[in-house]
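Each chain gets a letter, A, B and so on, in the order the sequences are listed, and its residues count up from 1.
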Amino acid sequence: MSVTYELVKKCSKTGARAGRLHTPHGTFDTPIFMPVGTQATGKAMSPDELKDRGAGLILSNTYHLYLRPGHELVAEAGGLHKFMNWDRGILTDSGGFQVFSLGALRKITEEGVTFRSHIDGSKHFLSPEKATEVQMALGSDIIMAFDECVPFPAEHDYARNSTERTTRWAERCRQTHNRSDQALFGIVQGGMYKDLRTMSAKDLVSLDFPGYAVGGLSVGEPKMLMYEMLEHTVPLLPERKPRYLMGVGTPDCLVEGVMHGVDMFDCVFPTRVARNGTVMTNWGRLVVKNAEYARDFRPLDDKCSCYACRNFSRAYIRHLFKTDEIFGLRLTTIHNLHFLLNFMSKMRTAIIEDRFLDFRQEFLAQYNR
RNA sequence: GUGGCUGUGGUGAAGCGGUCAACACGGCGGAUUGUGGUUCCGUUAUUCGAGGGUUCGAUCCCCUUCAGCCACC
């Protein structure tokens, strides 16, 4: 198998686990946070800058690359790794979530999804087969099954039909997939219904994917409900395979995810919020563009050792935001990625030293919001 | 010096006798979780250059004054 999971250490008190993920482009420590580079670039960051923060896998996107520049072009360039000059791991999302986000612009049938491009309104069709073909052309290390993300809230009937279809689609993705140097992960759906989560997990596990994602969470439901779903769903997944919680990236959610046994995460949150002038610190969120920092000459986070914190003040970074200088959002992006990747590595160390619960408690006591 | 025009929030401006002075930008604050260097939400002029008058009521009419711009001497 092209992608395998190696369990290194299990927490004695929670479901948390430390491991290693072996991929065709290297081995990466888990739990891992994968920065999002939707359009074949980690926004505002060069590949070297991503590596300097310790990024291992990054996430890119089928929907976006299919529309622009087109997967054939990427294949012609020699694949996504070569095209964007990234020699570590790449995971591509199938486009299911994007199509879900398009709302009124799309129509779902058993065959697939007809949708209109958010760029020019042109009509397109994405199916399990097509999404898999596109991802094979891109050549990412991990590709995702084409799923339908159940919205929140959703009626039980709707969620059941959708979840069953996602499983049928997963089987079609598996039938289509034939690249031995990449792994296809299945995605558990089921909305906020435990019986459907159980059904989805069981059906997908029987299809024997090399890894499993928990999808359909962090779609607007209360955090407690998300944690409840995680606690229910993760134990249904095979222990010897990686588990990936899609779309989660705030520090508090990451700790909870890790505690419940999740190995992989991705989220636009740290980078998007950075681009809008907000950073994460050991004490919680800090909106550096706010007026209260105009004369604050301290670093973003005095406990942080990142390039931005070592060299620049809140007042300076705020000034860059106020004047729309691109260097400002580069600094906050550097900081947020450093913060989050460092945070993941601290969690991993805590698991290995079997003090994860204490770590979690200390962190949550300090970090508000 | 004479004639004309203009003076509304941080900016550009609408209104022109009658509820809370339109809108845009900016500012301030919030949101943002498998798309969006994006988008969304809230808020931001007890006051219309100043003073006086007419009127039940004036940013809007009248008088005085100040300031800016233009033209002429």
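- Residue A:F97 contributes atom CZ, which lies 4 Å from atom P of B:G34 at whole-angstrom precision.
- Shown for residues 28-64 of chain A: residues whose heavy atoms fall under 4.0 angstrom of RNA chain B, namely A:T38, A:K43, A:L59, A:N61, A:H64.
- Counting side-chain heavy-atom gaps under 4.5 Å among Ile, Leu, Val, Met, Phe, Trp and Tyr, the cluster of A:Y193 also holds A:L196, A:M199.
- Taking atom P on both nucleotides, B:U38 is separated from B:C48 by 38 Å, rounded to a whole Å.
- Look at the C1' atom in both B:G68 and B:C28: the space between them is 32 Å, to the nearest Å.
- Under 4.0 Å is where a charged nitrogen must lie from a carboxylate oxygen, and between A:D208 and A:R174 no such pair does.
- The nearest whole Å value for the distance from the CG atom in A:N336 to the P atom in B:U32 is 14 Å.
- Taking a pair as Watson-Crick or G-U with both hydrogen-bonding distances under 3.5 Å, the stems of three or more pairs touching RNA chain B are B:1-7 with B:66-72, B:10-12 with B:23-25, B:26-31 with B:39-44, B:49-53 with B:61-65.
- Within the 4.5 Å cutoff, side-chain heavy atoms of A:E239 are placed close to those of A:K10.
- The same atom, C1', is picked in B:U59 and in B:C40; the two are 34 Å apart, to the nearest Å.
- Between A:P24 and A:Q182 there is no side-chain heavy-atom pair separated by less than 4.5 Å.
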For nucleotides 24-27 of chain B, which of its nitrogen or oxygen atoms have a protein nitrogen or oxygen under 3.5 Å away, and what is each distance?
none

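- Rounding to whole angstrom units, CE of residue A:M280 and P of B:A31 are separated by 14 Å.
- Going from atom NZ of A:K223 over to atom P of B:A31 covers 11 Å, rounded to whole Å.
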Before giving the answer on salt bridge (charged side-chain N to carboxylate O under 4.0 Å, His left out), spell out for A:R168 and A:D203 the whole-Å C-alpha distance, their side-chain angles and the decisive distance to 0.1 Å.
CA-CA 9 Å; A:R168 291 191 295 272; A:D203 291 347; over 6 Å; no
Identify all pairs in which a protein N or O lies below 3.5 Å from an N or O of nucleotides 38-42 of chain B, and state each distance.
| unit_1 | atom_1 | unit_2 | atom_2 | d |
| --- | --- | --- | --- | --- |
| B:U38 | O4 | A:N276 | OD1 | 3.2 |
| B:U38 | O4 | A:N276 | ND2 | 2.7 |

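- Contact annotation: the side chain of A:T250 approaches that of A:K223 to within less than 4.5 Å [non-hydrogen atoms, C-beta and beyond].
- Using a 4.5 Å cut-off on side-chain heavy atoms (C-beta onward), A:E129 and A:Q175 make no contact.
- For the pair A:M192 and A:L217, the minimum side-chain heavy-atom distance is below 4.5 Å.
- If you measure from atom CZ of A:R285 to atom C1' of B:U32, you get 8 Å, rounded to the nearest angstrom.
- In this structure, A:F312 and A:L320 have side chains that are not in contact, with every pair of non-hydrogen atoms separated by 4.5 Å or more.
- Applying a 4.0 Å cut-off to non-hydrogen atoms, the residues of residues 183-209 of chain A that approach RNA chain B are A:I187, A:Q189, listed by residue number.
- B:U43 and B:U11: their P atoms are spaced 23 Å apart (whole Å).
- In this model, no side-chain donor or acceptor of A:N290 finds a partner on the base of B:G30 within 3.5 Å.
- Atom CD of A:E292 and atom C1' of B:C28 are 12 Å apart (whole Å).
- In this structure, A:E221 atom CD and B:G34 atom P are separated by 11 Å, rounded to whole Å.
- B:C62 and B:A21 are spaced 24 Å apart, taking the P atom of each and rounding to whole Å.
- Straight-line distance from the OH atom of A:Y293 to the P atom of B:G29: 9 Å, rounded to whole Å.
- When the nearest nucleotides of RNA chain B are assigned to A:M144 and A:A291 by heavy-atom distance, the more 5′-ward of the two goes with A:A291.
- Contact check for A:L237 versus A:V214: side-chain heavy atoms found under the 4.5 Å cut-off.
- Ion pairing between a basic and an acidic side chain is recognised when a charged N comes within 4.0 Å of a carboxylate O; A:K9 and A:E353 show no such pairing.
- With respect to the salt-bridge test (charged N to carboxylate O, under 4.0 angstrom), the residues A:D301 and A:K303 do not qualify.
- Looking only at side-chain heavy atoms (C-beta outward), A:Y367 and A:V255 stay at 4.5 Å or farther from each other.
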